[in-house]
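Position 1 is the first residue of the sequence, and the numbers go up from there.
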Amino acid sequence: MPKALILYAHPAAELSRSNRLMLDAAARLPDVLIHDLYEHYPDFHIDVAHEQRLLTDADQLVLQHPIHWYGMPALQQLWLEQVLARGWAFGHDGHALHGKRLWLVASTGGEAAAYSSTGRHGHPFADFLPPYQQTARLCGMQWLDPLILHGAHHVPPVEFQQHVERYLEGLQA
């Protein structure tokens, strides 16, 4: 039974050095299941019952992806819409995820300074988090502080290693 289910969504995973190295490190941990959505559902036809079983068995759901247009990739959004169904994940009889943890692990191409009121994106990164936080709240999940890797394409090796260590610590918490 996995303690952590990493729901990985990267539409161009072959181009991601940082996410691949993070997943390689996570794969060595016990009680962690890495579930690559684009690998499992290239046709976008999601097996909802299977996905709900995976979630039932996990204590922590990790949404890991690069930030695309200030949010998650399309397949991960579709997954949320279909799998976190009313009556199962939320609503009057929807308590399947109550008490589980939700952790966003994301990467950006832009530097941290680009996510400020004076930066290229015009908002601090925290301004893009409410949909994630509300998803946790709606499903009765515990929202964990996100782990964000800014400037993922050119992070210095020492800084990246520190990021991976924080990632592994969060998966084992």
Hey, are the side chains of Asp93 and Arg86 touching, using non-hydrogen atoms and a 4.5 Å cut-off? no

Does His98 NE2 have over 12 foreign heavy atoms under 6.0 Å away? no

If you compare all heavy atoms of Ala89 against all heavy atoms of Leu97, which two are closest, and at what distance to 0.1 Å? CB-CD1, 3.9 Å

When rounded to the nearest 0.5 angstrom, what distance separates CD in Glu39 from CG in Leu75? 12.0 Å

Identify the two heavy atoms, one from Phe128 and one from Tyr115, that lie closest to each other, and give their separation to 0.1 Å. CE1-CD2, 3.8 Å

Taking only residues at least two apart or on different chains, which pairs with a member in residues 154-173 satisfy ring-ring contact (aromatic ring centres under 6.0 Å, His included)? none

Gap separating the CG atom of Asp47 from the CD atom of Gln82, nearest 0.5 angstrom: 10.5 Å

Shared hydrophobic cluster for Trp88 and Met141 (ILVMFWY, side-chain gaps under 4.5 Å): yes

Got Val105 and Leu63 here, is their nearest side-chain heavy-atom distance under 4.5 Å? no

Go through the side-chain N and O atoms of His123 and Tyr70 and say whether any donor and acceptor fall under 3.5 Å apart. no

Name each donor-acceptor pair under 3.5 Å that joins a side chain in residues 4-17 to protein atoms two or more places apart or in another chain, with its distance.
unit_1, atom_1, unit_2, atom_2, d
His10, ND1, Ala12, N, 3.0
His10, ND1, Ala12, O, 3.4
His10, ND1, Ala13, N, 3.4
Ser16, OG, Asn19, N, 3.2
Ser16, OG, Asn19, ND2, 3.3

Scan side-chain atoms only and decide if Trp79 and Glu51 contain a donor-acceptor pair under the 3.5 Å cut-off. yes

Less than 4.5 Å apart, any side-chain heavy atom of Leu84 and any of Cys139? yes

Would a 4.5 Å heavy-atom cut-off, applied to side chains only, mark Leu129 and Leu104 as touching? yes

Output for pair (Ile34 CD1, Gln64 CD), nearest 0.5 Å, gives 8.0 Å

For Tyr38 versus Pro73, what's the shortest heavy-atom pair and its separation? OH-CB, 3.5 Å

Taking the six-membered ring for Trp and the single ring otherwise, decide whether the centroids of Phe90 and His95 are under 6.0 Å apart. no

Write down the atom of Val83, the atom of Val48, and the distance for their closest heavy-atom approach. CA-CG1, 4.2 Å

Quick one: side-chain hydrogen bond (donor to acceptor under 3.5 Å, both in side chains) pairs with a partner in residues 132-152, sequence neighbours left out? His65-Tyr132, Thr108-His150, Gln134-Arg137

Report yes if some heavy atom in the side chain of Thr118 is under 4.5 Å from a heavy atom in the side chain of Ser116; otherwise report no. yes

Leu78 side, atom CG; His45 side, atom NE2 - distance, nearest 0.5 Å: 9.5 Å

Quick one: CD1 on Ile46 to NE2 on His40, what's the gap to the nearest 0.5 Å? 12.0 Å

For Leu171 and Trp103 the tightest heavy-atom approach is N-CZ3, 3.8 Å

State whether the side chain of Lys100 and the backbone N or O of Leu55 hold a donor-acceptor pair below 3.5 Å, judged by distance alone. yes

Check whether Leu144 and Leu138 end up in the same hydrophobic cluster, where Ile, Leu, Val, Met, Phe, Trp and Tyr are linked by side-chain heavy atoms less than 4.5 Å apart. no

Under 3.5 Å: donor-acceptor pair, side chain of Gln172, backbone of Leu168: yes

Would you give the length of the straight line joining atom CG of Asp31 to atom CD of Gln60, rounded to the nearest 0.5 angstrom? 11.5 Å

Between Glu111 and Gly151, the two heavy atoms sitting closest are OE2-CA, 3.9 Å

